[in-house]
Amino acid sequence: MSDLSPKPAAGVSRRTVARATAAAGLAVLFGAASGTARAGTATRLGPRTLDVSVPSAALGRSAPVRLILPSDFGTRPERTYPVLYLLHGAHDDYTSWTRETDIEAFTEGRGLIVAMPDAGPTGIPTVWRGGPDYETFQVKEVPALLARDYRASGARAIAGVSTGGYGAMAHAARHPGAFKAAASYSGILDTTAPGVPAIMDAIVARENLPARSLWGHPLLNILTWRDFNPRTRATGLRGTDLYVSQGSGVGPGSGGDPLPGVLESALWPSAQGFARALPLLGIQATTHLYSGGGHDWPYWKREFTASWPMLAHALGVPE
């Protein structure tokens, strides 16, 4: 994302803002957060970044969310902020966006909160069959915490990579109006497309979780699979700004590893079917279905940059 330079607050240098925030506001913030039982504990990682442990009834345990706060959070106590939710992919965790991208520097001075909630080891943020409810955690519990303790406004956008791209579109479709914009980068957008149930099962199996513990059998429990499928729930996306990107894969990914290209190609028909379905429903979307590419971060960072103007417009923050 380095091709889009972060924009500091007008008339104030980044260093001045960082010093003022750290000195004036964050001491109060972290003291208040760590002393609030409902919010759980907050661990400061940097001038604007912290990890919050969120007690979750939906999960039956506490789960983490990484936050990047606005540059002026500590000096503007009267201000509320829009929130950009960024979801991680399979076999990764809530730290991936700060580990793999420059999202902290990119959002400096832009006046928004970035929230990166946990989605469990599979990265599939959904209601598991008889198991945890990551959908409620991400769509209800984390936003409630941010509104209560971090002055989040009601303006929200959501984006994700891989299974997080699934989550971005599924959350927006299943909760119409909850997000002003949604973006998917190599997401799983039609969970019942040929070959895709096997991919979902493989993700579950890799984490040594019971077979069929996601949504049950893809045929015997087809109604459940359809209920959580972004394509079959796409009417709920009407009125939401959308960005959908996917590569055709086949070629090697970054570093010459063939696996990212193979996985990207396996999801290509799913993305094409989803993209074709939207205009038939009268739903507008920006789509970038490109040749080649791989299922990995170099492509996802590029696509985030391309989708940023849409996300920024929806959130009302500078591009």
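Only heavy atoms go into these numbers, but all of them, side chains included; no hydrogens, no water, no symmetry mates.
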Parallel, tilted or perpendicular, as decided by the 30° and 60° cut-offs, for the rings of Phe304 and Trp308: tilted
Is there a donor in the side chain of [X] and an acceptor in the side chain of [Y], or the other way round, less than 3.5 Å apart?
X: Asp51; Y: Thr43; answer: no
X: Gln246; Y: His288; answer: no
X: Trp300; Y: Ser186; answer: yes
X: His91; Y: Thr122; answer: no
X: Arg61; Y: Ser56; answer: no
X: Asp133; Y: Thr136; answer: yes
X: Thr287; Y: Tyr243; answer: no
X: Thr126; Y: Trp215; answer: yes

Atom pair [atom1]/[atom2] of [X] and [Y] - distance to nearest 0.5 Å:
X: Tyr134; Y: Ile124; atom1: OH; atom2: CD1; result: 10.5 Å
X: Leu278; Y: Leu280; atom1: CG; atom2: CG; result: 8.5 Å
X: His175; Y: Thr240; atom1: NE2; atom2: OG1; result: 12.0 Å
X: Ile158; Y: Lys180; atom1: CD1; atom2: NZ; result: 14.5 Å
X: Leu311; Y: Arg156; atom1: CG; atom2: CZ; result: 15.5 Å
X: Leu214; Y: Ile203; atom1: CG; atom2: CD1; result: 9.0 Å

With distance as the sole test, does [X] use its side chain to make a donor-acceptor pair with the main-chain N or O of [Y] at under 3.5 Å?
X: His88; Y: Ala119; answer: yes
X: Ser248; Y: Gly292; answer: yes
X: Glu264; Y: Gly247; answer: yes
X: Trp128; Y: Ser213; answer: no
X: Ser270; Y: Asp190; answer: yes
X: Thr75; Y: Asp72; answer: yes
X: Glu108; Y: Ser71; answer: no
X: Thr49; Y: Leu45; answer: no
X: Trp225; Y: Gly216; answer: yes

Salt bridge (Lys or Arg N to Asp or Glu O under 4.0 Å) between Arg212 and Asp201, intermediate numbers included: CA-CA 7 Å; Arg212 314 304 184 197; Asp201 286 345; 2.8 Å; yes
Test: Arg110 cationic atom under 6.0 Å from Phe106 six-membered ring centre, within 45° of axis: yes
Aromatic Phe73 / basic Arg151 pairing, under 6.0 angstrom, 45° off normal: yes
What about [X] and [Y], same hydrophobic cluster or not, with Ile/Leu/Val/Met/Phe/Trp/Tyr joined at side-chain heavy-atom distances under 4.5 Å?
X: Tyr166; Y: Val244; value: no
X: Met200; Y: Leu267; value: yes
X: Ile113; Y: Tyr94; value: no
X: Leu315; Y: Leu237; value: no
X: Tyr299; Y: Phe274; value: no

Other residues, nucleotides, ligands: >12 heavy atoms within 6.0 Å of His313 NE2: no
Exceeds 12 heavy-atom contacts within 6.0 angstrom, atom CD of Gln284: no
Provide the closest heavy-atom pair for [X] versus [Y] in the form atom of the first, atom of the second, distance.
X: Ala234; Y: Leu281; result: CB-CD1, 3.7 Å
X: Ala168; Y: Ala183; result: CB-O, 3.5 Å
X: Ser62; Y: Pro55; result: OG-CA, 3.5 Å
X: Leu86; Y: Pro117; result: O-CD, 3.8 Å
X: Glu141; Y: Ala58; result: OE2-N, 3.1 Å
X: Pro210; Y: Val204; result: O-CG1, 3.7 Å

Side chain to side chain contact (heavy atoms under 4.5 Å, CB included) evaluation trace for Leu189 with Ser184: CA-CA 8 Å; Leu189 304 181; Ser184 167; 3.6 Å; yes
Flag the pair [X] / [Y] as yes when at least one side-chain heavy-atom distance between them is below 4.5 Å, and no otherwise.
X: Thr191; Y: Thr232; result: no
X: Tyr185; Y: Ser162; result: no
X: Arg238; Y: Pro176; result: no
X: Arg66; Y: Asp118; result: no
X: Thr286; Y: Leu242; result: no
X: Leu146; Y: Tyr85; result: yes
X: Leu112; Y: Leu84; result: yes
X: Arg76; Y: Tyr81; result: yes

Short N-O contact, Lys301 and Glu303, less than 4.0 angstrom: no
Carboxylate-amine/guanidinium contact Asp92 Arg99, below 4.0 Å: yes
side-chain hydrogen bond (donor to acceptor under 3.5 Å, both in side chains) assessment of Arg48 paired with Thr107: CA-CA 10 Å; Arg48 298 169 46 228; Thr107 56; 3.1 Å; yes
Stepwise side chain to side chain contact (heavy atoms under 4.5 Å, CB included) test for Thr98 and Met116: CA-CA 9 Å; Thr98 52; Met116 295 154 280; 4.0 Å; yes
Worked verdict on Val161 versus Trp297 for side chain to side chain contact (heavy atoms under 4.5 Å, CB included): CA-CA 9 Å; Val161 302; Trp297 280 100; 4.1 Å; yes
Those residues that, when tested against Phe137, pass ring-ring contact (aromatic ring centres under 6.0 Å, His included) (two or more places apart): none
By side-chain contact (heavy atoms from CB on, under 4.5 Å) - contacts of Arg233 (at least two apart): Ala173, Arg174, Asp227
Side chain to side chain contact (heavy atoms under 4.5 Å, CB included) assessment of Leu50 paired with Ile68: CA-CA 7 Å; Leu50 62 151; Ile68 302 174; over 6 Å; no
